Amino acid sequence: MSLICRFIHAEKANYAITLLCKAMRTARSTYYAWVAGAGAREARRRADVALAHEITVIHIASRRNYGVPRVTAELRRRGQVVNRKRGERVMREHGIAGNSRRTGRRSLTKADTAAAPGLPPSQCTNRRSVIEYRKSRRE
């Protein structure tokens, strides 16, 4: 809806607002509500920029380790009440991400890569086994 209202706002110098709203199949009240909310949207944008600065300070102080839950908790400790989802959105929009230590988890045992002799391809678990089975069938 915002895209339609922006178009109407841009073209209102050339055409009547009622005509533009009919052409775009939008109620005039929708357009006027969008115009009335411009100040609130700008205030929210400024607040998000200030919040992003606070989050960046906390994130750098944690040596870029803190993610959304810890950043939100630290903001609350500092007296700034912020919803977790808002903090998550601001961090995502500004490319701030915590350090995850759980990536690249490895198994404690090595996988069996040796081909089992004489198994048909439907029972083989890796490509090498299938190739070796086909070679043995040709001989």
Side-chain angles (χ1 to χ4, degrees):
M1 195 51 66
S2 178
L3 186 64
I4 293 171
C5 291
R6 277 188 271 165
F7 174 76
I8 293 170
H9 193 68
E11 293 294 324
K12 73 177 184 176
N14 302 328
Y15 302 100
I17 291 175
T18 55
L19 179 66
L20 288 168
C21 288
K22 281 183 183 177
M24 299 304 290
R25 295 185 180 138
T26 304
R28 281 187 327 193
S29 61
T30 302
Y31 169 72
Y32 287 118
W34 179 82
V35 169
R41 282 192 302 276
E42 182 60 28
R44 189 179 318 118
R45 190 193 63 75
R46 282 195 304 269
D48 282 349
V49 169
L51 179 63
H53 177 70
E54 283 291 319
I55 288 174
T56 304
V57 168
I58 292 169
H59 188 66
I60 291 173
S62 73
R63 296 187 308 253
R64 302 185 187 275
N65 285 320
Y66 282 8
V68 175
R70 287 183 177 175
V71 168
T72 306
E74 183 63 30
L75 285 169
R76 287 183 181 157
R77 266 188 235 114
R78 293 181 180 192
Q80 190 172 359
V81 180
V82 176
N83 186 349
R84 176 190 58 83
K85 291 181 182 180
R86 181 177 178 213
E88 183 178 352
R89 178 182 53 82
V90 170
M91 287 178 71
R92 183 177 56 245
E93 287 173 354
H94 288 85
I96 303 169
N99 185 14
S100 177
R101 291 180 233 145
R102 295 184 181 178
T103 57
R105 192 168 192 154
R106 296 181 182 167
S107 175
L108 297 175
T109 60
K110 290 185 178 181
D112 186 20
T113 57
L119 285 179
S122 61
Q123 295 179 357
C124 293
T125 57
N126 58 19
R127 185 167 168 74
R128 186 185 307 159
S129 299
V130 173
I131 293 170
E132 287 182 13
Y133 174 79
R134 289 182 180 155
K135 284 182 183 176
S136 69
R137 297 290 287 174
R138 284 187 219 148
E139 295 172 355

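Note that the coordinates shown come from a computational prediction; the quantities given were computed from them, not determined experimentally.
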Problem set entry | Which atom of Ala97 lies closest to which atom of His59, heavy atoms considered |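 Between these two residues, the closest heavy atoms are O-CE1, 3.0 Å.
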So which residues get pulled into [X]'s cluster when ILVMFWY side chains under 4.5 Å apart are joined, directly or through others?
X	answer
Leu3	none
Val71	Leu51, Ile55, Ile58, Tyr66, Val68, Leu75, Val82, Val90, Met91, Ile96
Ile60	none

Filter on salt bridge (charged side-chain N to carboxylate O under 4.0 Å, His left out), then keep only pairs touching [range], sequence neighbours left out; what's left?
range	value
residues 31-40	none
residues 31-42	Glu42-Arg45, Glu42-Arg46
residues 48-68	Asp48-Arg86, Asp48-Arg89, Glu54-Arg78

Listing, residues 18-30 side-chain donor-acceptor contacts under 3.5 Å, not counting sequence neighbours, or none:
unit_1 : atom_1 : unit_2 : atom_2 : d
Thr26  : OG1    : Met24  : O      : 3.2

Problem set entry | Given Arg77, Arg76, Arg70, the one that forms salt bridge (charged side-chain N to carboxylate O under 4.0 Å, His left out) with Glu74 |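 In the set Arg77, Arg76, Arg70, the residue that makes a salt bridge (charged side-chain N to carboxylate O under 4.0 Å, His left out) with Glu74 is Arg77.
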Exercise. How would you list, by chain and number, every residue that makes a ring pair (Phe, Tyr, Trp, His ring centres under 6.0 Å) with His9, sequence neighbours excluded?
Worked result: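 Expected list: Trp34.
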For [X], enumerate each residue passing the side-chain hydrogen bond (donor to acceptor under 3.5 Å, both in side chains) test, keeping only those at least two apart in sequence or located in another chain.
X	answer
Asn14	Glu11
Glu88	Arg84
Asn65	Asn99

Exercise. Going through the checks in order, is the side chain to side chain contact (heavy atoms under 4.5 Å, CB included) test met by Tyr32 and Ile17?
Worked result: CA-CA 10 Å; Tyr32 287 118; Ile17 291 175; 3.7 Å; yes
